[in-house]
Amino acid sequence: MHNWKKALANARPGESKYKLLVQAVAADIEQGTLLDGQRLPPQRQVSDALGISVQTVTNAYKELERQGRVRCEVGRGSFVSRRTSERVATSMLDQTEQALMDFSNARILHTADHDRLWRQTCLELAQEPDQPWIHAFRPIAGMQHQREAAVRWLARLGMDVGTEDVLLTSGAAHGIFLALATLAGPDDVVLCEGLTDHGAIGSSQVLGFTLKGLEMDRYGLNPEHFEDMCGNERITALVCTPNLNNPTSALMPDERRREIAEIARRYGVYIIEDDVYGPLLAGQQSTRPLSHYAPELSFYCTSMTKSVLTGLRIGYLVMPKRLALRTESILRVNSWMAPSLLGEIATRWIDSGEAEDLVQLQRQLLANRQALVEQELGEHLIGNHPYSLNSWLRVPEGWETDGLLRELRRRNVALTLPDPFVPPGMPRPRAVRLCVGAECSEAKMRQGVQIVRDVFEQYPKVHDF
């Protein structure tokens with residue numbers, strides 16, 4: 001605590017002690033003096049050592065938790081936690097290591113059909129004499145015919161909207177960020193599922209709003225907890241993934257979607273719906289998007305990356321009419337406009353029916369792999385779905401989560417820790433994510449899943465628990 005004491009000793013009159021403590025702790029984390037996972041001193045001990053009130057220390061720890069630098073666990077204490085944007089690289093591999101079976105990244109399966117269609121479309125585009133998509137820099141929202149194709153694609157997903165309600169984005173993550181930037185700043189509270197996509201957590205650290213998780217069950221977020229939070233705090237928005245939550249694969253039933261929409265309307269809370277997995281379910285279920293039930297409050301976002309082609313980073317963001325101009329202006333500042341070339345490819349595949357053909361192919365491939373996972377790891381499954389990219393697995397008794405993943409990596413298998421999906425203040429579950437879209441043969445996939453099963457069914461070494 002030497003640096004902390006020094007920072008407080010140099011305080012100027014009227015300077016906030018809790019802010020100085022936050023800055024000092026953050027500096028120690030950035031410089032590596034405090035390591036990831038290291039437990040911070042108890043608040044009473046810090047209070048006595050620095051000669052400040054326990055409340056001042058409590059406020060500092062809470063602010064560090066809000067910033068994502070500290071993880072507070074009830075009954076255990078406070079621990080250093082690198083920002084989500086930094087932790088993701090260690091939980092999900094940026095580059096697949098040679099000989100490693102990488103089940104850590106949520107991606108669709110790539111086939112020769114994808115390559116063939118991509119080459120064919122690029123050749124057709126290259127031979128056309130008029131190519132406005134390579135020199136267009138307006139309109140910001142996307143070229144008119146591309147937005148019209150987006151409307152047709154969205155109708156297939158249960159969203160009936162006009163072209164003026166839609167923006168083209170650089171994928172779903174970009175669309176969610178634009179929606180959050182439209183609504184939330186440092187004085188706002190945004191709710192999410194108790195396990196949520198790491199993009200929402202990262203956005204809270206960039207935009208400065210407070211992100212709070214909601215209790216979940218096998219069907220997604222708990223409506224009663226949502227209503228309780230809305231009744232006791234000023235909530236700006238709810239960001240959620242009703243279709244195939246990442247990482248749990250939870251699928252929210254229609255009745256619950258209606259209930260959540262009604263609560264949001266009652267309290268004036270905006271909804272940001274991440275439906276990146278929606279195309280995999282389109283026509284396979286009777287539910288409508290959550291946004292369908294409260295369109296005046298809803299941002300709805302989907303994309304091609306998790307259903308059609310990984311590199312086709314085009315998303316479609318539906319906005320409430322009263323906020324459309326604001327969101328479009330943020331897009332202009334943020335990235336000007338989505339790449340028109342990718343937008344053109346997505347448009348042609350929608351119009352030709354080839355986008356739907358690739359989705360159908362993906363469903364079949366995912367269902368085969370999910371069946372394999374269920375066959376080998378069924379007793380450990382907490383959540384999965386035939387068309388989900390993920391399987392959510394319970395960590396067996398006797399294992400600690402980190403030790404389990406270390407042992408799997410030693411055997412050249414990579415899974416994902418729960419950490420990137422846990423919002424501030426929510427408990428860390430004893431579970432890991434296995435992604436079924438790994439780029440490997442079916443035989444290699446089976447071999448990797450069997451390695452996971454074998455490790456799950458044995459006890460760890462006595463020094464690794």
Side-chain angles (χ1 to χ4, degrees), residues 29 32 34-40 65 68-106 194-196 198 201 246-249 373-374 376-384 390-436 438 440 444-465:
I29 294 172
L34 292 172
L35 302 178
D36 184 36
Q38 183 174 340
R39 184 177 179 181
L40 295 178
E65 183 181 27
R69 299 180 186 274
V70 166
R71 182 179 72 252
C72 297
E73 299 182 11
V74 178
R76 295 192 64 216
S78 300
F79 300 83
V80 174
S81 177
R82 285 174 294 165
R83 290 173 179 263
T84 295
S85 56
E86 297 165 349
R87 294 200 311 270
V88 166
T90 60
S91 300
M92 291 168 273
L93 303 181
D94 284 339
Q95 295 181 348
T96 301
E97 299 172 15
Q98 199 167 24
L100 183 76
M101 285 174 279
D102 181 12
F103 302 143
S104 72
N105 281 298
L195 289 165
T196 189
H198 55 85
I201 302 174
N246 182 20
T248 69
S249 297
V373 172
E374 191 157 0
E376 299 289 347
L377 292 165
E379 65 181 291
H380 304 288
L381 276 172
I382 306 172
N384 75 329
N390 311 319
S391 292
W392 190 231
L393 303 171
R394 182 182 295 106
V395 173
E397 292 297 324
W399 280 103
E400 286 297 329
T401 305
D402 299 81
L404 176 68
L405 262 65
R406 281 197 299 271
E407 178 61 22
L408 286 168
R409 284 296 295 274
R410 191 180 70 79
R411 301 187 188 207
N412 291 321
V413 175
L415 271 61
T416 312
L417 288 167
D419 302 57
F421 313 106
V422 181
M426 296 300 290
R428 186 196 200 210
R430 284 180 49 81
V432 292
R433 188 186 72 172
L434 184 154
C435 301
V436 301
C440 61
K444 194 75 170 175
M445 175 78 184
R446 183 175 293 277
Q447 179 187 354
V449 172
Q450 288 174 342
I451 290 172
V452 175
R453 181 201 63 198
D454 292 344
V455 172
F456 272 41
E457 292 179 353
Q458 66 177 252
Y459 280 95
K461 298 174 183 177
V462 294
H463 63 275
D464 198 0
F465 52 84

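- In this structure, the side chains of Glu457 and Pro396 stay at 4.5 Å or more apart for every pair of heavy atoms.
- Smallest separation of non-hydrogen atoms from Val413 and Phe103: CG1-CD1, 3.8 Å.
- At distances below 3.5 Å, not a single donor-acceptor pair connects side-chain atoms of Glu376 with backbone N or O atoms of Arg446.
- Within the model, atoms CG of Leu415 and CG of Leu405 stand 5.5 Å from one another, a figure rounded to the nearest 0.5 Å.
- Side-chain contact between Pro247 and Thr416 is absent, with no heavy atoms from C-beta onward closer than 4.5 Å.
- Residues Tyr459 and Trp399 approach most closely at C-CZ2, 4.1 Å, considering heavy atoms.
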Report task. Would you check, one step at a time, whether the test side chain to side chain contact (heavy atoms under 4.5 Å, CB included) holds for Val436 with Asn384? Result -> CA-CA 11 Å; Val436 301; Asn384 75 329; over 6 Å; no
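- Partners of Arg411 according to the side-chain contact (heavy atoms from CB on, under 4.5 Å) rule, which considers only residues two or more places apart in sequence or in another chain, are Glu407, Ile451, Val455, Gln458.
- Considering only residues two or more places apart in sequence or on other chains, Arg394 meets the side chain to side chain donor-acceptor pair (under 3.5 Å) condition with none of them.
- With sequence neighbours excluded, the residues satisfying side-chain contact (heavy atoms from CB on, under 4.5 Å) with Cys440 are Arg369, Ala438, Lys444, Met445.
- Ser249 places a side-chain N or O within donor-acceptor distance of the main-chain N or O of Asn390, the cut-off being under 3.5 Å.
- Qualifying side-chain contact (heavy atoms from CB on, under 4.5 Å) partners for Arg39, counting only residues two or more places apart in sequence or in other chains: Phe79.
- Residues Phe456 and Leu393 are in side-chain contact: their nearest non-hydrogen atoms beyond the backbone lie under 4.5 Å apart.
- For Thr196, there are no side chain to side chain donor-acceptor pair (under 3.5 Å) partners at least two apart in sequence or on another chain.
- The shortest side-chain heavy-atom distance between Arg409 and Leu100 falls under the 4.5 Å cut-off.
- For Leu34, the side-chain contact (heavy atoms from CB on, under 4.5 Å) partners at least two apart in sequence or on another chain are Trp4, Val25, Asp28, Ile29, Gln38, Leu40, Val80.
- Smallest separation of non-hydrogen atoms from Val422 and Pro427: CG1-O, 3.8 Å.
- In this structure the side chain of Arg433 reaches within 4.5 angstrom of the side chain of Asn246, judged on heavy atoms.
- To the nearest 0.5 Å, the span separating OG1 on Thr248 from CH2 on Trp392 amounts to 8.0 Å.
- The two residues Gly398 and Pro460 have their closest heavy-atom pair at O-CG, 3.2 Å.
- Contact between Arg71 and Asp419 at its shortest, heavy atoms only, is NH1-OD2, 4.4 Å.
- When side chains are defined from C-beta on, Cys435 does not count as touching Asn105, because their heavy atoms never get closer than 4.5 Å.
- Considering Thr401, Asp402, Ile382 in turn, Thr401 is the only one that fulfils the side-chain contact (heavy atoms from CB on, under 4.5 Å) rule with Val395.
- Nearest approach of Pro418 to Pro429, heavy atoms of both residues: CG-O, 3.6 Å.
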